[in-house]
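I have placed the structure first, in the form of structure tokens, so that the comments after it can refer back to it.
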Amino acid sequence: MPETKNTVQSNMYEALAYKPAPHIEKLIDCLLPHANLFRTNAKQIINYETYHSRQCFLLLEGTVALFRSRDCFMLNSESAPYVFGLSNQNADANYLHMQTLEDSLIASIPLCEANRIIAEHNLWQSLAKVLIYTAGRIYEHCTRIYAPSSYDIIRSQLYELMEESTEIRLSITAANYIQTRTFLSRSSIMKILADLRKGGYITTRRGVLMDIPQRIPLKY
């Protein structure tokens with residue numbers, strides 16, 4: 001399977017992070033036989049540490065979001081396949097938590113066991129590819145939320161929302177999606193969304209983004 005890419009349109013940049021799917025699947029193939037499978041419903045919270053054991057999670061189906069625990073600020077989201085817990089293993093386990101955005105199939109394995117298997121199978125290249133991709137996704141996120149204006153941020157978030165799966169996009173209003181991922185006030189989000197809707201640039205139904213029928217202007 002070729003590497004896939006996530007793109008976000010913006011007036012300042014076109015962020016591009018190549019998802020190293022073959023390397024993620026290689027890690028999953030080696031770790032999965034030693035992991036415990038479980039299915040989740042949407043909005044289920046998953047902690048990195050269970051019973052005093054740090055965990056690594058293999059996302060096999062579905063989509064999971066990563067939140068900062070102290071204020072529930074969403075930092076990133078990933079769709080299957082993906083491996084969580086390798087890039088932040090030296091951080092406090094309670095600093096971040098995960099939450100499923102849709103019904104998902106996940107496998108968990110103790111982090112120490114995952115590290116042992118990676119070393120035993122010499123999976124350093126695959127691990128490096130995943131870490132580079134993760135760093136790129138963090139860069140994208142920082143670039144989006146620290147854009148020069150509220151309009152720039154909302155514009156890029158709307159394009160990102162359209163790239164989500166239909167199930168996720170229809171399960172959340174555009175305003176809530178943007179607010180959980182940015183530091184913007186709800187009033188400023190609602191005002192800009194209303195103006196874009198009046199201009200025919202976005203189509204919504206009960207607040208849910210249905211379509212972006214024409215390119216959103218670069219300037220407000």
Contact between [X] and [Y] at the side-chain level, heavy atoms closer than 4.5 Å - yes or no?
{"X": "E78", "Y": "N76", "value": "yes"}
{"X": "S104", "Y": "T63", "value": "no"}
{"X": "T134", "Y": "N88", "value": "no"}
{"X": "L86", "Y": "C56", "value": "yes"}
{"X": "S69", "Y": "N94", "value": "no"}

Shared hydrophobic cluster for [X] and [Y] (ILVMFWY, side-chain gaps under 4.5 Å):
{"X": "L32", "Y": "I106", "answer": "yes"}
{"X": "Y151", "Y": "I178", "answer": "yes"}
{"X": "L127", "Y": "I132", "answer": "no"}
{"X": "I192", "Y": "I216", "answer": "yes"}
{"X": "L60", "Y": "V130", "answer": "yes"}

_salt bridge (charged side-chain N to carboxylate O under 4.0 Å, His left out) partners for K43, two or more places apart_ = none
*Would you mind checking if R68 and D71 are paired as a salt bridge, meaning a charged N to carboxylate O distance below 4.0 Å?*
yes
*With the threshold set at 4.0 Å, does a side-chain nitrogen-carboxylate oxygen contact exist between R169 and E163?*
no
*Tell me, which pairs form a salt bridge (charged side-chain N to carboxylate O under 4.0 Å, His left out) where one or both residues lie in residues 184-204, sequence neighbours left out?*
K191-D195
*Taking the six-membered ring of Y177 as reference, does the NZ or CZ atom of R181 fall below 6.0 Å from its centre and within a 45° cone about the axis?*
yes
_Chi angles and distances behind the side-chain hydrogen bond (donor to acceptor under 3.5 Å, both in side chains) call for E102, T100_ = CA-CA 6 Å; E102 58 185 336; T100 55; over 6 Å; no
*Establish, from distance only, whether the side-chain atoms of S188 and S185 form a donor-acceptor pair under 3.5 Å.*
yes
*Would the Y48 and Y95 ring centres measure less than 6.0 Å apart?*
no
*Do the two ring centres, one from F84 and one from F57, sit under 6.0 Å apart?*
no
_Does M162, at its CE atom, have more than 12 non-hydrogen atoms belonging to other residues, nucleotides or ligands within less than 6.0 Å?_
yes
